[in-house]
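In what follows, every chain begins at residue 1, and chains take the letters A, B, ... in the order their sequences are listed.
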Amino acid sequence: MKIIKPRILKGTRDFMPNQMIYRDFVMSKLKTVFEKYGYEPLATPAIEYFDVLSGKYGDEVEMLLYRLAYRDGRTLALKYDLTVPLSRVVAMNPDIVKPVFKRYQIQPVWRAEKPQKGRYREFTQCDVDAVGSASVLVDAEIIAIINEMMVSLGFQNFEIKINNRKILDGIAEYAGVSDKSKLVCRCIDKLEKIGVEGVKDELEERDIPPNAIDKIFTILSLRSKVGLDTTREKEATLNAIEERLKEFDNPRQGVDELRQINDSLKCLGVPDANYSFDICLARGLDYYTGPIFEVVVKEANIGSLVGGGRWDTLIGQFTGREIPAVGTSFGLERLIDAMGMLSLLPPGQTKVQALVAPFNEDLMMQALTYVSQLRAADIKAEIYFEPDSIRNTMGYANRKGIPIVVIVAPDELQEGKVAVRNMQMKRQEKVDIANFVTRVREILTDENT
RNA sequence: GUGAGCGUAGCUCAGGGGUUAGAGCACUUGACUGUGGAUCAAGUGGCCGUGGGUUCAAAUCCCAUCGCUCACCCCA
């Protein structure tokens, strides 16, 4: 027999039971919040026609599409994100957007990247989008969801950065380099990372004329103190940007949208300390057209945990008729990685609540009826099938973190009882067989409160 | 795609030309005859990633290759 060496593609992972518990935990929180805001689930295939995905993201990203060598080798690809498949669904079912289609979607996506910290080839995106409305109130709602989500997961110091593509384009227009708008955006996006001089150098290298660079920086100097602004400071920043760019329609509109978002967020109860307007935020994907946002947790240092924005023209690429849309994407793995680093993940490595431990083979059948009784009472219970020694049984329960062990042994049975051991408290008591399920339930609820 | 670093026990790593390759943790067994996180003792476990080269001698130096990690680009 030929032995195949077991291995796994770089950038993909197996999720063991203890990790799945965390994934389920975070996903259920996400679903709860999404549904609370009226969004409904959708799923799409892993495989799409290549031309459906191609040309939507941008030149660099195009290389990262996973193409499938099916038939001619170029007609299919694995999905790269959940937004383009959604736009395809809407293009095929245009009626669902009357008046608005609000969906969430939690599925894996694939990117042909070189993996590194916080970056995988297969990972799970958790998207919420609203399709059909051009109202900036929806943008605010998405940001409110992001905020509630981050708070609900236990993050204390996070920052929702908000900007607008229209303002970014305006900066390039103001500097007289509209044709290089994308390039300019990419450079100023790095301000935080490489500093003012770094950005200047990079702009020079890309042949942006010195006077244009100066003009770009007169706008960037209006940048607010990220994350620390009060409402009034935010308004002042927006006003200053608007004043500087007032001769250009597009950026003026962009500023106005942010102002409306700011007002809406106040009504939606999003604290000022949790978001900021950052005119350096760019986002790489081509399909964003209006407000864009991103969440960074500085302590975690694994890039953005959440990213999104308005994408009003994507669906039009399929139908010729534009349908406005806005939404965001949560990176499941990055959220969990960050929560792990900040100790925000709940303890507990198993969901099993009770282990029934027969003392010897002769008591196995009896033990089966007991474990069955526990399950009938909706207690997650398993039986230890190898009654080799009570020591090993306890060791197993301990390793796995099972809170209660029900010992079925001759001494107790003679009195019509079983032993119920609370592992955490190291307390053990004899309980009448008639009552042991109730007793187990009591111990479990005591512990959980 | 560009660049850097690392591959030694199940895990984290030491050893950086010279007998038979080490430690901690984990695992197995025992002290403990019906009880798990502790302690102590003993034990199992290695083609030193793979292939070639230099050398009297290679885990150690050189080359290649594979794998992993990190950074750039871009992104969740």
**Asked** Given the C1' atoms of B/A21 and B/C48, what is the spacing between them in whole Å?
**Response** 8 Å
**Fill in**
RNA chain B nearest-nucleotide lookup for A/Tyr80 and A/Asp411: closer to the 5′ end is A/Asp411
**Any-strand Watson-Crick or G-U partner of B/G36, both distances under 3.5 Å** = none
**Item:** Ionic contact status for A/Asp129 with A/Arg103, cut-off 4.0 Å
**Value:** yes
**A/Arg111 charged N/C atom sitting above A/Phe123 aromatic ring, 6.0 Å / 45°** = no
**Item:** Short side-chain N/O contact from A/Lys193 to OP1 or OP2 of B/C73, under 4.0 Å
**Value:** yes
**Request:** Indicate, with a heavy-atom threshold strictly under 4.0 Å, whether A/Val306 touches base, sugar-phosphate, or nothing.
**Result:** sugar-phosphate
**Request:** Would you kindly check if the NZ (Lys) or CZ (Arg) of A/Lys102 is within the cone defined by 45 degrees around the ring axis of A/Tyr37 and under 6.0 Å from the six-membered ring centre?
**Result:** no
**Nearest atoms (heavy-atom pairs only) where A/Pro251 meets A/Glu173** = CD-OE1, 4.3 Å
**Any N/O donor-acceptor pair, A/Glu412 side-chain to B/G34 base, under 3.5 Å** = yes
**Complete:** Separation of B/C74 atom C1' from A/Lys182 atom NZ, nearest Å, is 13 Å
**Message:** Once you apply a heavy-atom cut-off of 4.0 Å, does A/Tyr120 come out as touching a base, just sugar-phosphate, or nothing?
**Reply:** base
**Prompt:** Is any side-chain N or O of A/Arg186 closer than 4.0 Å to OP1 or OP2 of B/C74?
**Reply:** yes
**Item:** Paired nucleotide for B/C73 [Watson-Crick or G-U wobble; both distances under 3.5 Å]
**Value:** none
**Request:** Quote, to the nearest angstrom, the P distance that separates B/U44 from B/G10.
**Result:** 15 Å
**Complete:** Paired to B/C68 by Watson-Crick or G-U wobble criteria (both distances under 3.5 Å) is B/G5
**Asked** Whole-Å distance between B/G34 P and A/Asn392 CG?
**Response** 13 Å
**For atom CD of A/Glu113 and atom C1' of B/G1, their distance in whole Å** = 12 Å
**Fill in**
note: A/Met63, atom CE; B/U2, atom P; distance rounded to Å ~ 12 Å
**Complete:** A/Arg119 atom CZ is separated from B/G1 atom C1', nearest whole Å, by 13 Å
**Prompt:** Considering only side-chain heavy atoms of A/Met394, which listed nucleotide, B/U35, B/C70, B/C74, is closest?
**Reply:** B/U35
**Asked** For A/Tyr396, what residues pass the side-chain hydrogen bond (donor to acceptor under 3.5 Å, both in side chains) criterion, not counting sequence neighbours?
**Response** A/Glu382, A/Lys400
**Message:** Before you tell me yes or no, could you show the steps for A/Glu429 and A/Arg439 under salt bridge (Lys or Arg N to Asp or Glu O under 4.0 Å), namely the whole-Å CA-CA distance, both residues' side-chain angles and the distance that decides it to 0.1 Å?
**Reply:** CA-CA 10 Å; A/Glu429 56 193 295; A/Arg439 186 62 194 132; 3.1 Å; yes
**Message:** By the 4.0 Å heavy-atom rule, please label A/Lys400 as base, sugar-phosphate, or nothing.
**Reply:** nothing
**Asked** Does B/U35 have OP1 or OP2 sitting under 4.0 Å from an N or O in the side chain of A/Arg421?
**Response** no
**Request:** Please check if the side chain of A/Arg119 supplies one atom and the backbone of A/Lys114 the other of a donor-acceptor pair under 3.5 Å.
**Result:** no
**Asked** B/G67 and B/U50: how far apart are their P atoms, nearest whole angstrom?
**Response** 15 Å
**Request:** Identify whether any heavy atom of A/Gln428 sits under 4.0 Å from a base atom; if not, whether one sits that close to sugar-phosphate; answer base, sugar-phosphate or nothing.
**Result:** base
**Closest to the A/Ile407 side chain, choosing from B/G34, B/C74, B/G36** = B/G34
**Separation of the P atoms in B/A9 and B/G45, to the nearest angstrom** = 15 Å
**Request:** Identify whether any heavy atom of A/Ala409 sits under 4.0 Å from a base atom; if not, whether one sits that close to sugar-phosphate; answer base, sugar-phosphate or nothing.
**Result:** base
**Message:** Under a 4.0 Å threshold between the charged nitrogen and the carboxylate oxygen, would A/Arg13 count as salt-bridged to A/Glu122?
**Reply:** no
**Asked** Across all strands, who's sitting opposite B/C56 as a Watson-Crick or G-U wobble pair, both distances under 3.5 Å?
**Response** B/G18
**Message:** Syn or anti for B/G16, given that syn means the glycosidic angle lies within 90° of 0?
**Reply:** syn
**Message:** Using Watson-Crick or G-U wobble geometry with both distances under 3.5 Å, which nucleotide pairs with B/C11?
**Reply:** B/G24
**Asked** On a whole-Å scale, what distance lies between the C1' atoms belonging to B/U69 and B/U55?
**Response** 33 Å
**Message:** With nearest nucleotide decided by heavy atoms, which residue, A/Leu285 or A/Gln116, maps closer to the 5′ end of RNA chain B?
**Reply:** A/Gln116
**Rounded distance in Å between the P positions of B/C73 and B/U2** = 16 Å
**Pairwise P distance, B/G49 and B/A14 [rounded to whole Å]** = 13 Å
**Asked** When the distance from CD1 of A/Ile390 to P of B/G34 is rounded to whole Å, what number comes out?
**Response** 10 Å
**Message:** Counting the atoms with a prime plus P, OP1 and OP2 as sugar-phosphate, which does A/Gly58 contact under 4.0 Å by heavy atoms, base, sugar-phosphate, or nothing?
**Reply:** nothing
**Request:** Take the protein atom CZ of A/Arg427 and the nucleotide atom P of B/U35, then report the distance between them rounded to whole Å.
**Result:** 20 Å
**A/Arg399 CZ to B/G37 P, straight-line distance once rounded to whole Å** = 10 Å
**Item:** P-based separation of B/U60 from B/G17 [nearest Å]
**Value:** 10 Å
**Request:** Give a yes/no answer on whether the side chain of A/Lys10 brings an N or O atom under 4.0 Å of OP1 or OP2 in B/G67.
**Result:** no
